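Before any comments, here is the structure.
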Amino acid sequence: NHTMSAKPFKVLITHPEVPQSGIDLLKENCELIQVQSLPPSRTELLQKVRGVDGIFWGGHELLNAEVLDAAGPQLKSISTMSAGLDNVDLDEVKRRKIPLGHTPTVLNPAVADLAVGLLIAAGRRFHEGRKKIETGHWENYHLNWMLGQDVRDSVVGFYGFGGIGQAIAKRLSSFDIDQVLYTTRRRVHREIEQELNAKKVPFDELLNKSDFVVICAPLSAETQGVFNATAFNKMKTTAVLVNIARGKIVKQNDLYNALKSNRIFAAGLDVSDPEPLPPNDKLLTLDNLVIMPHIGSATNRTRSEMATIAAHNVLRGLAGERMLSPAY
Ligand code: DGY
């Protein structure tokens with residue numbers, strides 16, 4: 001009963017483990033309803049979403065017409081707690097003119113740190129080295145044993161060069177790299193290019209000139225499957241591929257073949273297709289692959305800041321104000 005309630009808005013939190021920073025902000029003037037099941041249940045979500053004014057979208061589940069229909073026409077504000085929006089039917093949200101926010105930017109440092117880690121781990125054979133020890137093949141009497149790729153004086157190519165890509169390039173500049181190349185739709189500001197020694201190039205040039213290729217573009221119809229056998233065949237045989245974006249940007253079977261045949265040197269992945277990757281996936285048999293279970297933003301501070309921003313987005317949407325980070 002709204003007239004009796006001190007709290008004017010009902011907000012659904014779609015996940016039971018949303019950081020407290022987000023909950024605290026929302027509970028000040030919202031009645032909170034929270035999905036309790038883990039993994040979050042679609043049935044519970046669709047029941048609890050009925051009649052809410054705002055949604056804090058905590059997980060990676062599909063946010064589509066089904067959810068918006070179940071919520072009802074009073075819904076006036078949604079924010080995801082993620083940078084990526086590939087799990088959102090954006091056209092459907094836009095068509096209904098519902099303000100939608102997300103949480104880019106705050107996760108740039110954490111994701112960039114992980115990307116640098118993967119780049120070095122793959123280039124210097126961390127996974128293979130560990131296996132050599134475990135299997136009793138510590139053979140450093142060979143002078144050319146376990147040689148990897150230098151970061152020094154390398155060309156690093158970015159497929160997508162937004163906040164995350166730029167944060168990676170900034171970190172790598174202290175490794176004395178030679179040059180940053182990038183492929184994007186739009187050129188980044190001249191000052192950023194100068195600061196990072198970065199040059200926009202066509203995709204083919206990115207592939208054949210880069211020693212390290214880092215994927216940091218959003219998943220879209222345009223980027224899906226772009227890294228396929230044709231692309232791998234244009235890369236240097238010494239090249240290392242890093243993907244911290246979305247698994248579907250890479251044709252994973254083609255990547256497997258490129259790594260297995262040493263067509264490229266190694267890869268470092270934080271993302272795969274599908275997620276979770278099945279424990280018996282053939283990718284996991286490769287020595288020259290370092291892989292993490294999508295943990296780019298997984299630090300206490302980053303997740304807490306993501307929750308804060310998502311909560312502010314929801315509150316602003318409810319108040320009819322511009323969100324901190326609107327998705328459109
Ligand atoms: C993001 O924020 O998009 C990360 O991939 C976690 O979902």
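Both ligands and their constituent atoms are indexed starting at 1 by order of listing. Computed from a predicted structure; not experimentally measured.
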Q | Salt bridge present between K234 and D204 (N-O < 4.0 angstrom) | A | yes
Q | Side-chain H-bond candidate by donor/acceptor type, N253 with K282, under 3.5 Å | A | yes
Q: Do me a favour and list the nearest non-hydrogen protein atom to atom 2 (O) of ligand 1 with residue, atom name and distance?
A: A83 N, 2.6 Å
(Q) Counting only heavy atoms closer than 4.0 Å, does ligand 1 sit against the backbone of L107, its side chain, both, or neither? (A) side chain
Q) Less than 4.0 Å between a side-chain N and a carboxylate O, is that true for E92 and R95? A) yes
Q: May I ask whether H102 places a heavy atom under 4.0 Å from ligand 1?
A: no
(Q) What's the separation between atom CG in L12 and atom CG in L26, rounded to the nearest 0.5 Å? (A) 11.0 Å
Q) Does ligand 1 have an atom that lies less than 4.0 angstrom from a heavy atom of R246? A) yes
Q: Verify whether one side chain among S154 and D211 offers a donor that lies under 3.5 Å from an acceptor in the other.
A: no
(Q) For atom 4 (C) of ligand 1, what's the nearest protein heavy-atom neighbour? Residue, atom name and distance, please. (A) H294 NE2, 3.6 Å
Q.
How far is atom 7 (O) of ligand 1 from the closest protein heavy atom, and which atom is that?
A. H60 NE2, 2.6 Å
Q.
Side chains of S21 and S304 only: does a donor on one sit below 3.5 Å from an acceptor on the other?
A. yes
Q. Between G84 and ligand 1, does any nitrogen or oxygen pair lie at a separation below 3.5 Å?
A. yes
